[in-house]
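So the structure is just underneath, and the comments pick up after that.
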Protein chains: 2
Amino acid sequence: MDNRSVLTRELRHHYLFAALDAKQRTRLLGHIHTRPFAAGELLFNQGDAARAFFLLQSGAVKLYRISAEGQEKVMRLIRPGQSFAESVMFMNEPRYPVHGQGIEGGSLVSIECEAFLAILRESFDTCRAVMAQMTRRIQAHWDEIELLTLQNSRYRVIHYLLGLVPDGQRGRVNVILPTRKGLIAAQLAVAPETFSRVLRALTDEGLIEVQDEVVDVYDTEVLRLHIR
Amino acid sequence: MDNRSVLTRELRHHYLFAALDAKQRTRLLGHIHTRPFAAGELLFNQGDAARAFFLLQSGAVKLYRISAEGQEKVMRLIRPGQSFAESVMFMNEPRYPVHGQGIEGGSLVSIECEAFLAILRESFDTCRAVMAQMTRRIQAHWDEIELLTLQNSRYRVIHYLLGLVPDGQRGRVNVILPTRKGLIAAQLAVAPETFSRVLRALTDEGLIEVQDEVVDVYDTEVLRLHIR
DNA sequence: GCGGCACCTTGATATGCATCAAGCTTGCAA
DNA sequence: TTGCAAGCTTGATGCATATCAAGGTGCCGC
């Protein structure tokens, strides 16, 4: 398969696989499957038994939960190059803790847990990479919980916009919203209407300009100060 | 030191140390320090450089963050036998991601990160235990985020009370609130007044009875259904 | 025993955000 | 071209929860 060499190249650049030697990588290839998926396609349900975790090659995926009343909270948006559900590897009875659904069609790599655990056993560097990654995720969760409990919707939106600004850039920056506004609202745990209203308020205050999915931030530092 | 044998016994029962052999445990003892702390004593500040993580022997500790307006969110309450801040081990520039403060005086074991990392390098079982633990923490965070965004204060309080019921018990159960009500409220991200009012409402509805820190749950299953 | 403090409770009021409802735009299909 | 559905915006209303304020209780030090 020609597919293999492409896959190999991609894996090399991912933290989970970077520390593997050629032999390990080859061995792993036998336990990896690539498959396409469509926008709207359900990849797995919360509670489904899990035998694999994933690496997104292209497209976009949302991880989310649903409340009893049918309200949806987007827990995480996955973009190409990101892996997700690694944590099922370490569960006694592995089940996906969220729903996963494609929002833009693309291609997904699934890695069998057992196979990867075998690799982990022989590579402390990879173990360490996994632990470091989990630490980052835990950090992100602390931050999100703080954001949800200690900050209002205006703060959350501003924080989100500033989070989209590429590292190191400041001053006037154009940012592109990565998906439709309704999903971003769900991620920030606000109603779509509220998200819309906050953007409007920021526009009226002369801080930003919104043109569909393009947000023109007039000045990152000024915006940062306009959290009330 | 006699202290040592006590410590050794305690470590054996903790997931982080259970898989270690005698030699490793002995080696680690040289990099472990026990120290007392008082109620109200600040153990570390968010952002402090970190060289160690902790295991609580006795007393109680709260991990929390403070908003710009001085509002406090309790991220986690630590009870004897629990470890915390393990994740600083895997950071590039280790800093505590939260404040830590004693709420009841007690005794704290600090374990030097470097020393424990050396152990991890030679024990995959311990690696795996750490990863499993981090997975559980991540799970708990998903759950908490869901709770905060998808559920109202009444649900959160009921969920919290039911979480205090010992495993397997059902029907009429007495639960003991682990700390003062104000802190529990902060953990649930509600105002102390709201927490008080929810308990009152549940009492008025004939579901529970509250006597200081003792909550008499008349029927766990009935309470579970009374989430509105 | 008394004063003061910490914590909790209760009531009144304020407010941020969700919800409901309607209109607008865009894209796509018939 | 028309029609319809999806997504976004905007306005009106309602509700849950925070905030403010006051009083109650128990504890500790003096």
Side-chain angles (χ1 to χ4, degrees), chain A residues 39-40 60 62 66-74 101 103-104 147-160 176-204 208-215 227-228, chain B residues 38-40 60 62 67-74 101-105 147-160 176-204 208-215 227-228:
Chain A
K62 70 173 173 185
I66 299 279
S67 76
E69 293 82 38
Q71 216 187 130
E72 170 180 314
K73 168 71 172 79
V74 175
Q101 187 182 25
I103 50 180
E104 293 167 24
L147 217 53
L148 290 170
T149 57
L150 258 26
Q151 310 295 352
N152 60 20
S153 64
R154 181 189 170 95
Y155 185 104
R156 300 217 289 279
V157 172
I158 292 180
H159 180 92
Y160 180 79
I176 312 288
L177 301 181
T179 181
R180 40 182 250 258
K181 294 175 181 170
L183 281 183
I184 296 174
Q187 218 183 339
L188 299 177
V190 298
E193 295 93 329
T194 301
F195 185 66
S196 177
R197 277 187 256 263
V198 172
L199 288 183
R200 166 124 295 271
L202 295 176
T203 303
D204 290 348
I208 64 171
E209 201 179 306
V210 182
Q211 183 70 248
D212 296 326
E213 77 278 8
V214 181
V215 180
I227 291 160
R228 78 154 92 69
Chain B
K62 70 173 173 187
S67 76
E69 294 82 39
Q71 217 187 129
E72 171 180 312
K73 170 68 172 78
V74 176
Q101 186 182 24
I103 50 181
E104 292 168 24
L147 218 52
L148 291 171
T149 57
L150 260 25
Q151 310 295 353
N152 60 20
S153 64
R154 181 187 169 98
Y155 185 104
R156 300 218 288 279
V157 171
I158 291 180
H159 180 93
Y160 180 80
I176 312 287
L177 302 180
T179 181
R180 40 180 250 258
K181 293 175 182 169
L183 281 184
I184 295 174
Q187 220 184 336
L188 299 177
V190 298
E193 293 95 330
T194 301
F195 184 66
S196 178
R197 277 187 255 263
V198 172
L199 288 184
R200 165 124 296 270
L202 296 177
T203 304
D204 291 348
I208 63 171
E209 201 179 305
V210 183
Q211 184 69 249
D212 295 327
E213 76 278 8
V214 181
V215 179
I227 290 163
R228 81 153 83 70

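A note on names: the letters A, B, ... follow the listed sequences, proteins ahead of strands, and every chain is numbered from 1. All heavy atoms count here, side chains included; hydrogens, waters and symmetry mates do not.
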Rounded to whole Å, the CZ-P distance (B/R197 to C/dT13) equals 13 Å
Nearest-Å distance for atom pair NZ/P, residues A/K73 and C/dA18
12 Å
For DNA chain C, whose closest nucleotide is more 5', that of B/R180 or that of A/R154?
B/R180
Between D/dC8, D/dT17, D/dT10, spot the one nearest the side chain of A/K181, thanks.
D/dC8
Please determine, for the side chain of A/E193, which listed nucleotide (D/dT19, D/dA16, C/dT19) has the closest atom?
C/dT19
Output the single nucleotide from D/dT17, C/dT10, C/dA18 whose closest atom is nearest the side chain of B/R200.
C/dT10
Determine the contact category for A/A185: base if any of its heavy atoms lies under 4.0 Å from a base atom, sugar-phosphate if only primed atoms, P, OP1 or OP2 are that close, otherwise nothing.
nothing
Does the base of C/dC8 carry an N or O that pairs as donor and acceptor with the side chain of B/E213 under 3.5 Å?
no
Using a cut-off of strictly less than 4.0 Å, decide whether B/S196 has a side-chain nitrogen or oxygen near OP1 or OP2 of C/dC8.
no
The side chain of A/T194 is closest to which nucleotide in this list: D/dA18, C/dC17, C/dT10?
C/dC17
Could you state the atom-to-atom distance from CD of B/E72 to P of D/dT19 in whole Å?
14 Å
Rounded interatomic separation in angstrom, taking CG from A/L177 and C1' from D/dG7:
14 Å
